[in-house]
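Positions are given from 1 along the sequence.
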Amino acid sequence: MPSNDARTLLHTAVPTAAVGVITVAVSAAVAGGKGAIGAAAGTLVVILFMGLGLGVLQRTARSLPHLFQSMGLLLYTTELLLLFVFVAAFKNTTLFNPRAFAAAVMVATLTWVAAQIRVHMKTKILYVEPDSSAAKTPENMGSST
C-alpha cells in the first residue's frame with residue numbers, strides 16, 4: 001500500500017476507533033455488557049466496511065482514474081446500504097443490544113466520513129504526475145539544433 005493510502009487509512013481508522021471506544025464505554029454505562037458488545041460490534045463493522053471500501057477506491061484511482069468519482073459515489077452508496085442492512089438484520093438479536101449497535105454504526109460512520117474529509121483537505125495531492133525524466137521546457141522542445 002503506498003504511503004499516501006496508508007496515511008489516509010491510518011488517519012481515518014484511528015479517530016473512528018477512538019470514538020468507538022467512547023461509544024463502547026457509554027453503551028456499557030447505559031445498557032450494560034450487551035450494550036458494550038453491541039457498540040464494539042458496530043464500530044468494528046464500520047471500520048471493516050469503510051476500510052475495505054477505501055482500499056477498493058484507492059485501487060480504482062490507480063488503475064482506472066477516469067472512473068474514480070463515479071466509483072466513489074457508487075462505493076459510498078453501497079457501503080451505507082450494507083450498513084443499513086446490517087442494522088436491520090440485527091434488529092432483533094439477543095447477542096447484544098441492537099440500539100447500541102445501531103448507535104455505534106451511526107457514530108462510527110459519521111466519524112469515518114468526517115476524518116476522511118479532514119485527511120483529504122489536508123493532503124497535498126498533485127494534479128499532474130511529475131515527469132521523472134528531464135523537464136521539457138518550451139526552449140528545448142522546439143529547437144533541433
Side-chain angles (χ1 to χ4, degrees), residues 1-138 140-141:
M1 180 178 271
S3 65
N4 222 13
D5 299 346
R7 188 175 311 121
T8 301
L9 182 61
L10 178 70
H11 287 240
T12 52
V14 169
T16 305
V19 169
V21 168
I22 295 168
T23 306
V24 168
V26 169
S27 296
V30 172
K34 287 195 176 207
I37 294 170
T43 301
L44 289 175
V45 164
V46 169
I47 290 173
L48 180 69
F49 275 31
M50 296 294 193
L52 288 173
L54 183 62
V56 168
L57 192 59
Q58 295 298 339
R59 177 173 281 156
T60 301
R62 279 192 299 278
S63 61
L64 303 167
H66 59 284
L67 294 178
F68 180 70
Q69 186 174 14
S70 59
M71 182 66 172
L73 291 172
L74 176 68
L75 183 69
Y76 287 126
T77 304
T78 304
E79 285 174 348
L80 292 177
L81 287 173
L82 284 173
L83 288 172
F84 177 74
V85 167
F86 258 75
V87 169
F90 290 110
K91 179 173 62 174
N92 297 320
T93 187
T94 58
L95 296 172
F96 49 77
N97 186 318
R99 285 187 176 186
F101 176 77
V105 166
M106 185 177 67
V107 168
T109 301
L110 292 174
T111 303
W112 183 282
V113 171
Q116 196 169 18
I117 289 170
R118 184 178 183 276
V119 167
H120 285 294
M121 294 297 288
K122 291 198 166 276
T123 303
K124 292 178 175 44
I125 300 173
L126 299 174
Y127 292 102
V128 178
E129 292 292 325
D131 191 14
S132 61
S133 63
K136 296 178 181 177
T137 60
N140 64 11
M141 287 179 71

Where Ala36 and Ala28 come nearest, the two heavy atoms and their spacing
CB-CB, 3.8 Å
Out of curiosity, Arg59 CZ to Met71 CE, how far, rounded to the nearest 0.5 Å?
10.5 Å
CG-CG distance between Leu74 and Leu67, expressed to the nearest 0.5 angstrom:
10.5 Å
Steps toward side chain to side chain contact (heavy atoms under 4.5 Å, CB included) verdict (Val87, Lys91):
CA-CA 6 Å; Val87 169; Lys91 179 173 62 174; over 6 Å; no
Indicate yes or no for a side-chain donor-acceptor contact from Lys34 to the backbone of Leu95 under 3.5 Å, with no hydrogens or angles considered.
no
Residues in ring pair (Phe, Tyr, Trp, His ring centres under 6.0 Å) contact with Phe49, at least two apart in sequence or another chain:
Phe86
If you look at every heavy atom in Asn97 and Ala31, which pair is closest and at what distance?
ND2-CB, 3.2 Å
Rounded to the nearest 0.5 angstrom, the CG-CD1 distance for Leu52 and Ile47 is 11.5 Å
Filter on side-chain hydrogen bond (donor to acceptor under 3.5 Å, both in side chains), then keep only pairs touching residues 12-31, sequence neighbours left out; what's left?
none
Taking every non-hydrogen atom, the tightest pair across Ala108 and Thr43
CB-CA, 4.3 Å
Taking every non-hydrogen atom, the tightest pair across Val24 and Ala40
CG2-N, 3.5 Å
Could you state the interatomic distance from CG (Leu80) to CG (Leu75), rounded to the nearest 0.5 Å?
9.5 Å
Shortest non-hydrogen separation from Trp112 to Leu54 and the atoms involved:
CZ2-CD2, 4.4 Å
I want to check something: taking the side chain as every heavy atom from C-beta on, are Glu79 and Val46 in contact at a cut-off of under 4.5 Å?
no
Going by the side-chain hydrogen bond (donor to acceptor under 3.5 Å, both in side chains) test, which pairs reach into residues 65-77, not counting sequence neighbours?
Tyr76-Gln116
Quick check: closest heavy atoms across Thr109 and Met50, and the distance to 0.1 Å?
CG2-CE, 3.6 Å
Can you tell me how the ring of Phe96 sits relative to the ring of Phe90, calling it parallel under 30°, perpendicular over 60° and tilted otherwise?
tilted
With side chains defined as the heavy atoms from C-beta onward, is the minimum distance between Leu83 and Val45 less than 4.5 Å?
yes
